[in-house]
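These numbers come from the heavy atoms of this one structure, side chains and all, not from hydrogens, waters or symmetry mates. All residue numbers refer to positions in the sequence shown, counting from 1.
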Amino acid sequence: MTTAPPSARTTALLAPAPTRLPAPEAPAAPAVRRLPLVIALLLGLGLTGYVWAAHGTKPGVLLLLGLGLGVGLFHSRFGFTSAWRQLIAVGNGTGLRAHALLLGTTATLFALIIGTGTGLFGAAPAPSAGPIGVGLLLGAFLFAVGMQLGGACASGTLFAVGSGQSTIVLTLGGFVLGSTLAAWQYGLWSDLPAVDPVLFSDHLGWAGSLAVTLVLLALVVLVSRRVQARRNPPPVGVPPSARGGLLRVVRGSWPLAAGALVLAVLGAAVLLVSGGAWGVTSAFALWGSKIVGALGGSPESWAYWRQPGNAEALAGPVLADKTSLTDIGIMIGAAVAAAAGGVWTWHRGVAWRTASAAVLGGVLMGVGARMAGGCNIGAYLAGIASGSLHGWLWGAAALVGTWVGLRLRPYVALANPKPGDGVC
């Protein structure tokens with residue numbers, strides 16, 4: 001038996017994982033959508049100026065970081081829902097390997113920032129660590145089922161709304177509703193069995209924590225490549241893109257690797273500026289509770305809003321809330337990117353089953369994110385990047401939920417990738 005030399009094995013590992021067909025060429029980008037682009041730019045500039053003047057430099061910077069996250073998410077079409085769907089349905093691990101790059105780069109930056117105590121505006125950076133228990137596992141499972149029905153994850157919902165996808169507006173509405181219901185009924189799930197958070201850095205230091213995280217991510221990459229080689233799936237579809245270097249930056253689709261690096265840097269900047277990791281879904285509970293208060297309710301009496309830190313957020317303005325600022329920025333940034341790429345559009349005529357699934361999926365994600373203490377960003381990304389065991393367990397439970405969600409999608413007229421498809 002002959003064994004391939006190390007150089008050949010390294011080349012094979014770095015080569016693209018096999019697919020049933022070659023990846024298709026990106027179609028040409030349509031013409032710039034000038035009116036949506038102008039409106040989005042004016043909204044972004046005007047809102048940034050207002051936040052800067054009314055609430056100070058730090059909130060203004062957070063809104064700008066949100067704008068950048070929206071641009072990066074849209075241009076790279078960086079998805080969590082589609083990545084897990086492609087992996088489970090047909091074995092294509094391209095998206096999951098992009099997650100590994102995002103997680104590894106973010107973990108490296110987090111280790112440098114938190115390990116050295118570096119922060120801006122007086123921020124003291126802290127890792128994201130959550131308790132490990134029934135709420136985490138059940139919440140992540142519900143979230144994953146919901147994202148397959150709703151068609152997007154937390155970050156994906158925001159950039160899809162910004163790009164004009166009307167179905168995902170319904171998902172966002174369900175997301176806010178589910179988050180608000182979970183906050184209202186906090187007592188039903190807050191005392192589920194759990195143990196204290198586990199941070200690798202508490203036992204191994206930040207260098208050891210980073211090493212363990214990178215080794216685990218390397219194993220994820222290797223397993224995903226092995227699965228893809230065995231199943232030989234269709235390639236991932238390619239969105240429209242302008243040709244040429246600089247033009248592609250502004251009007252094109254970015255490689256997933258480029259998107260992962262941009263998102264990692266911007267997510268680390270959020271940690272530097274605010275002291276906490278990038279998150280998404282806590283803002284949805286805040287928005288819904290603000291609406292309840294405006295309609296005459298008393299969300300301030302709910303146990304959820306009497307928790308440390310939550311009461312201050314409810315009492316303050318939305319445009320001073322860290323997560324709300326980045327969420328709003330993502331939607332506007334995605335609108336700018338979509339309009340510049342010529343693909344901003346407002347979809348009409350959503351089928352009733354699809355609309356119902358979008359709302360139901362959003363509700364499940366809202367409830368699940370609150371139970372699990374975060375979503376694909378606040379728990380999965382921030383948790384793993386912080387060296388927290390709960391981030392890995394969130395991801396494992398979400399894979400199980402994805403498997404269930406894929407089996408529910410046909411009942412609401414949503415298709416799943418199939419091995420014989422041209423793209424997945």
Side-chain angles (χ1 to χ4, degrees), residues 15-30 73-101 144-153 155-157 159-160 163 165-168 171 220-241 252-260 338 341 343 345 347 349-351 353-355 357-358 361 376 395 398-424:
T19 52
R20 191 177 65 85
L21 297 169
E25 204 169 314
L73 282 164
F74 181 81
H75 274 311
S76 60
R77 309 302 201 274
F78 202 97
F80 294 81
T81 306
S82 58
W84 281 321
R85 181 163 62 240
Q86 290 156 0
L87 177 70
I88 298 297
V90 294
N92 191 320
T94 301
L96 187 66
R97 290 190 291 277
H99 291 185
L101 177 60
V145 173
M147 70 181 180
Q148 294 304 331
L149 295 177
C153 57
S155 52
T157 294
F159 87 72
S163 65
Q165 296 186 36
S166 55
T167 303
I168 307 301
T171 303
V220 168
V221 170
L222 291 173
V223 170
S224 77
R225 288 182 63 93
R226 182 66 60 87
V227 169
Q228 184 162 331
R230 188 176 73 247
R231 297 183 64 180
N232 199 30
V236 175
V238 182
S241 180
S253 60
W254 300 353
L256 280 174
V343 294
T345 184
H347 300 278
V350 180
R353 280 200 295 177
T354 303
N376 58 294
L399 283 175
V400 177
T402 296
W403 185 88
V404 173
L406 292 184
R407 274 137 191 84
L408 296 176
R409 281 171 61 88
Y411 294 101
V412 290
L414 296 173
N416 291 320
K418 296 179 177 59
D421 290 344
V423 294
C424 61

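From Phe159, atom CZ reaches atom CZ of Phe78 across 10.0 Å, with rounding to the nearest 0.5 Å. Going from atom CD of Gln86 over to atom CG of Asn416 covers 11.5 Å, rounded to the nearest 0.5 Å. Here the straight-line distance linking atom CH2 of Trp254 with atom CG of Leu73 works out to 9.5 Å at 0.5 Å rounding.
A donor-acceptor contact shorter than 3.5 Å links the side chain of Thr81 to the backbone of Cys153. No donor-acceptor distance shorter than 3.5 angstrom exists from the side chain of Thr354 to the backbone of Val350, with no hydrogens or angles considered. Without hydrogens or angle criteria, Arg20 side chain to Pro419 main chain gives a donor-acceptor distance under 3.5 Å. With hydrogens and angles disregarded, a donor-acceptor distance shorter than 3.5 Å links the side chain of His75 to the backbone of Gly252.
Heavy atoms only, all atoms of each residue included: Ala29 and Pro240 are closest at CA-CB, 4.0 Å. Listed here is the closest heavy atom pair of Ser241 and Ser253: OG-N, 3.1 Å. The heavy-atom pair separating Pro239 from Ala26 by the smallest distance is O-CB, 3.5 Å. Among all heavy-atom pairs drawn from Gly150 and Thr171, the shortest one is O-OG1, 2.9 Å. Pro24 approaches Val423 most closely through the heavy-atom pair CG-CG1, 3.7 Å. The two residues Leu149 and Leu414 make their nearest non-hydrogen contact at O-CD1, 3.5 Å.
By the 4.5 Å heavy-atom criterion applied to side chains, Pro417 and Arg85 are counted as neighbours. Counting heavy atoms from C-beta outward, Tyr411 and Arg353 have side chains that stay 4.5 Å or more apart. Counting heavy atoms from C-beta on, the side chains of Ser163 and Val343 never come closer than 4.5 Å.
For the pair Arg77 and Phe74, the cation sits on the ring face: its NZ or CZ lies under 6.0 Å from the ring centre, inside 45° of the axis.
Evaluation of the side chain to side chain donor-acceptor pair (under 3.5 Å) test over residues 230-240, restricted to residues two or more places apart or in two chains, returns none.
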Side-chain donor-acceptor pairs under 3.5 Å in residues 88-99, sequence neighbours left out?
from	atom 1	to	atom 2	distance (Å)
Asn92	OD1	Thr94	N	2.9
Asn92	OD1	Thr94	OG1	2.6
Asn92	ND2	Pro234	O	2.8
Arg97	NH1	Gly93	O	3.4
Arg97	NH1	Ser224	OG	3.1
Arg97	NH1	Gln228	OE1	3.4
Arg97	NH2	Gln228	OE1	3.0
His99	ND1	Tyr380	OH	3.4
His99	NE2	Gly79	O	3.0

Test side-chain contact (heavy atoms from CB on, under 4.5 Å) on Val404 and Arg407; report intermediate values, then the result.
CA-CA 5 Å; Val404 173; Arg407 274 137 191 84; 5.9 Å; no

